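Reviewing the structure listed below.
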Amino acid sequence: MADQIKSEASPSVAAPAVELIGIDKRFGAVHANRAVSLRIAVGSIHGIIGENGAGKSTLMSILYGYYQADAGEIRIAGKPVHIGNSHDALAHGIGMVHQHFMLVDPFTVLENVMLGVEGGYLLAAGAAQARAELQRLQRDYKLEVDLDTPVGELPVGLQQRVEILKALYRGAQVLILDEPTGVLTPQEADHLFRILRALRDEGKTVILITHKLREILEVTDRVTVMRQGAVVAERATRDTTKEELAELMVGRKVLLRVEKSPAKPGPVVLEVRGLTVIDGAGVRRVKDVSFDVRAGEIVGIAGVSGNGQSELLEALSGIRRASSGTVKIKGSECGVTHTIDPRAMRALGLAHVPEDRQRMGLVTAFAINESAILGYHDDKRYNGPLLMDRDKIIDLCGRQMGDYDVRPPDPRLRTAALSGGNQQKVVLAREFDRDPELLLVGQPTRGVDIGAIEFIHRRLIAMRDAGKAVLLVSVELDEILSLADRILVMFDGRVVGEVAPAQATEQKLGLMMAGASEAAA
Amino acid sequence: MSAAPPSSLPRWADVVVLPAANLLAAFILSGLVVVAIGENPFQAMSILVTGAFGNAESIGYTLYYATNFVFTGLAVAIAFHAGLFNIGGEGQAYIGGLGVGLACLWLGGLLPAPIMVPVAILAGAAFGAAWATVPAYLQAYRGSHIVITTIMFNFIAASVMTYLMVNVLIKPGQQSPESHEFAAAATLPRLHEMAESFGLEMATSPLNLAFVWALLCAGWYHLFLWRTRWGYEIRAVGANETAAIYAGISPARITILVMAISGALAGFVALNELMGVHYRIILNFTGGYGFVGIAVALIGRNRALGICLASLLFGALYQGGSELSLDMPTVTRELVVVIQGLVILFCGALENVFRGRIAQLFRRLTPAAA
Amino acid sequence: MDTLLVLVSIIDATLRVATPLVLAALGGLYAERSGVVDIGLEGKMLGAAFAAAAVAAVSGSALLGLVAGVAVSVALALVHAYASVTHNGNQVVSGMAINIMVAGLAPTLGVAWFRQGGQTPQLAGDARFTPIDLPFARALESVPVVGQLYSEIISGHNLIVYIAAAAVPFSAWLVFRTRFGLRLRAVGENPHAVDTAGVSVADMRYRAMVLCGVLCGIAGAYLSTAHSAAFVRDMTAGKGYLALAALIFGKWKPWPTLTACLLFAFTDAVQVRLQGVPLPLVGVIPVQFIQAIPYILTVLLLAGFVGKAAAPRASGIPFVKDR
């Protein structure tokens, strides 16, 4: 690996696998890529790191032919090429593993791999050939997966292997992976990294897009940092540190810990005992979970996405029925096992900032003032005997938008016209404004710009200091570590341990999130 | 993400310019059809307009047809707002007619008109709503697709009605399947008769009190959808079901509520047709009005005023079309059906074709705006 | 009456009624497997029936009529594809528009061109598809049972019936054994997977719609130039929707769809026989009830009361590349 990094510096060696020169791309008012230039050496693992919206995915979509650049040039192995669609990209030896898998669920692994490269008009002939070739690839790269299982029945880690197999089967020399570990457990991620190293050692080139520092440091040879659509730095991985990369990503010293005073916990507000949630497919998503949240404290729930946190929040907020267990808010039983009633939960003093504001927290097609009463549209404040009091709704919404610095501050605009951060502020304003006793908060800063993150964090602390009980679910460890007064870790539907933030380190939490050992707690 | 239009237009352009362009395209193609059958499209157009608006009588007929379209247009539109496509307006109107007819046959001789008419309205609403509620229930709780189910229910409604008319409700001794005639108390007065009783002169036409009821329904529709919490809930479910669930709104309940309202509105066609004109139950009195409702809702952009204007347009087409078929022997009334199909095609399925072009045009005309 | 004769005549009637259903349902199968919902089968059939009868009447050739019917049906299918694939329009609205437009256009043009109240002139001779006697049919007629069945049921149908019979195994082979079929099924389940695999989604859907148009065209031509001898107003009489029901009943697979078509056609044939005839235990069954059976069955099936039917996952959803 070291030789490759050194050799890349000398111009005499072979041309880079991929070279991007002055790539520029706009989407309307958004300048997604600003004159991006990048060289990726053959046989290396090259990381591209940046925050959400830094332009990483757009850049790779251009390389894969999904979008056309407004300006700039792509060179593959030294030759300028035009990539008009994914077909061209594949022809130039570029394969991509998308963040959301591009698989046909009812098809078998074999059929998924063959799709688009069937090798002839009849399937039978091509299938035999494909099977032999795939068995070779599986041996060479440790990509074991049964070829005759429908992919819909495979766990996500194996589905990802199918995606990699698809790319390799198509003769990919350059493999792009877009946020590949988002859905993986740490063990699955480690296995993926072993596969990537094996690919590199066989001479393939890997481009890894991520916003996770750990992955960059663990597996890449070189790293490019992007911010606001532009490349801000490039480093050899061994010459850089987590702190330096974090600073480059956000463009200033990161405040890793938010200023806050010690919590003064009061009486128990939320009492959860033995809560179990089984989803529509019969899978136990939440398993026998018990915990308390007291007034005046923030309890953080850490965990890799998909380990039952979403279902926990939905059961607590009355959106999803629990199978067994009890939930009490300020001592009164909520009956979560037999009713599904978010309104009743709100009436008990609960407010809920959902994990996904566009899917759940807002109606983007509504005017902002209509989104600002979502869940409270029955409230006496907004209703006359028959008709809703529109003037009052607009008035109150205007005041909330002022308080939370939502821009532009016009309650009559469509909700979709606001940026992500401003949409999130509309949700927070709506939920905080009720003066709730209990606040459920899911991923409060996902897809939100830095300025708004600080604002949202300060507001959460302020709610705590006002004596509210706050349950915070986040997959961002930094967020949990800096906000929570107590940390619960969820893995595979269970709470596997509780840690005080002072004793918590990322390593320790990471082990627990991987279900490595409950003894570590 | 959201189902936002691909390119943004100013609201007035979205509501006025776009439907106008779509209509124009539909009419130009219809003109070509007229040419294909060897007639002069401009002459046909002029006969059509005169036939629809030329004198007081023809205006009365135009408004009489429009009455049906207001009901079916509102029925389709309110379901659209909840994200549901109710193709079953035809069957719901038919079964609604059964309710109206049964009420009028059984109670017509017993109740005075001021009580009989509201009872008939309720009966039509209840039967139409019930027929729409079954597909709604199946969609909400059994996961069957409402488009397919309502199509099937149109056929089932036709079978049920044919059976009842031929075997049960037919007036004895009658050759064609028609019921007994309604009692006088169970009929809606014609508007020209009402005008007469106030000493006003009005041309004779089938236009009756159902027209006033249609306008009341349109006004109610607007207030209900945009100003009440139930309307808010319906629109929330249509725009983002997950967010609606989060807000404590049950999409299943809303599906049933909105389809019941939709079916009730469709059922009101029978007020105009049976109580206002035929004074008995007859076969196929719905005559495709339920399907015209789709076109009306699409051009009317699912808004009350738009639906009223679109109903007027189709009322004029129906009335003008029958005049046209009298004046031009090669032209049949089905020409109106062609126009109707083209309008649905351009205003519904092909609406994005012009949207992009018009948005482009607007950008060029207002360069400062961007 | 001879039981065998009754049976033969019922089976014969079943095959005659099933033919257009099978063709249209298979057309719908290609469309929906590719992710395009098509409630416009009815309109395409009706348009083709008119075009076929009109051209056959003028040219005197049933074959030319068939070509014209297919051409019109394919053109309508392409309108549907243009609206729903190229412009991401609402597929149900588009299908509905085509049905209504054709329901108006056929009689409008019919009246103007032929002046027979919307009908086309009666077809005779070569302008119609006539029964074909298969080899040895006459010779085997006298052989009891096997020979009778061969000569009465298998032999003696017109060309289009045999086309429909061949279309089922052909479709099963095409959909499940070929590259085209793999891509077709994929594009109806997850078009994004097909797109990233370097295959054009729009291209696949257009091809599927052309196939749908061809099959509906043949079905329409059958109605006016083989089953009947002229085009009559509304002669499809809901057969397009019945085909849609059969497709759902057949769970979007060729062989089960054929079974559903035969079942629906059989109830129709039996209903004609049963008119006014009292049955043991139940008495006289109203005709209307038997006519409604396919629709009621489809509703029950979709509601999961009898089995379960899941449509291709992406059907009805326009393919939009998201950022």
Side-chain angles (χ1 to χ4, degrees), chain A residues 28-29 280 313-314 317-320 339-347 350 352-367 369-380 382-391 393 412 414-417 420 423 427 430-431 440 442, chain B residues 1-12 14-15 80-83 140-143 219-254 257 301-304 356 359-360 362-363 369-370:
Chain A
L313 274 187
E314 288 179 8
S317 57
I319 295 171
R320 186 189 281 270
T339 53
I340 313 175
D341 193 355
R343 287 185 214 220
M345 302 303 276
R346 285 197 178 89
L350 173 146
H352 176 199
V353 177
E355 291 181 295
D356 186 337
R357 60 183 163 270
Q358 294 204 327
R359 207 174 62 86
M360 189 179 271
L362 298 162
V363 181
T364 49
F366 274 11
N369 70 78
E370 290 183 304
S371 275
I373 58 169
L374 189 69
Y376 305 99
H377 57 279
D378 262 344
D379 197 309
K380 283 196 198 73
Y382 303 132
N383 284 284
L386 281 175
L387 300 185
M388 298 183 103
D389 189 341
R390 196 153 53 178
D391 295 340
I393 292 169
R412 289 168 202 270
R414 260 164 53 100
T415 312
Q423 288 182 351
V427 176
R430 181 182 73 210
E431 300 302 321
L440 307 181
Chain B
M1 255 180 30
S2 67
S7 46
S8 53
L9 279 176
R11 228 182 83 90
W12 64 272
D14 195 54
V15 175
F80 265 142
H81 275 290
Y141 294 103
R142 309 285 313 187
W220 170 85
Y221 169 92
H222 178 79
L223 284 178
F224 180 78
L225 260 185
W226 301 97
R227 301 295 303 278
T228 71
R229 63 202 95 160
W230 302 283
Y232 179 93
E233 295 189 351
I234 288 169
R235 290 184 295 119
V237 168
N240 183 343
E241 193 172 307
T242 315
I245 294 170
Y246 159 81
I249 302 164
S250 152
R253 221 197 70 215
I254 291 295
L257 169 77
R301 284 274 179 260
N302 302 322
R303 299 290 185 130
Q360 235 172 16
F362 266 92
R363 272 198 296 280

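Just so it is clear, the structure is predicted and the values come from calculations on it, not from any experiment. Naming convention: chains lettered A, B, ... in sequence-line order (proteins, then strands); numbering from 1 in each chain.
For a residue to count as touching a neighbouring chain, one of its non-hydrogen atoms must lie under 4.5 Å from one of that chain's; by this rule B:E241 does not touch chain A. In this structure, chain B has heavy atoms under 4.5 Å from both the backbone and the side chain of A:E370. With a 4.5 Å cut-off on non-hydrogen atoms, A:R320 does not touch chain B at all.
Heavy-atom pairs under 4.5 Å with chain B peak, among A:M345, A:R357, A:R390, at A:R390. The candidate with the highest count of non-hydrogen atom pairs below 4.5 Å against chain A, out of B:A247, B:A244, B:S250, B:G231, is B:A247.
A donor-acceptor distance shorter than 3.5 angstrom exists from the side chain of B:R235 to the backbone of B:L225, with no hydrogens or angles considered. Looking only at distances, no side-chain donor or acceptor of A:R346 sits under 3.5 Å from a matching main-chain atom of A:Y376. B:N240 places a side-chain N or O within donor-acceptor distance of the main-chain N or O of A:Q358, the cut-off being under 3.5 Å. Of the possible donor and acceptor atoms, one in the side chain of A:S371 sits under 3.5 Å from a partner among the backbone N and O of A:V363.
By the 4.5 Å heavy-atom criterion applied to side chains, A:V427 and A:L362 are counted as neighbours.
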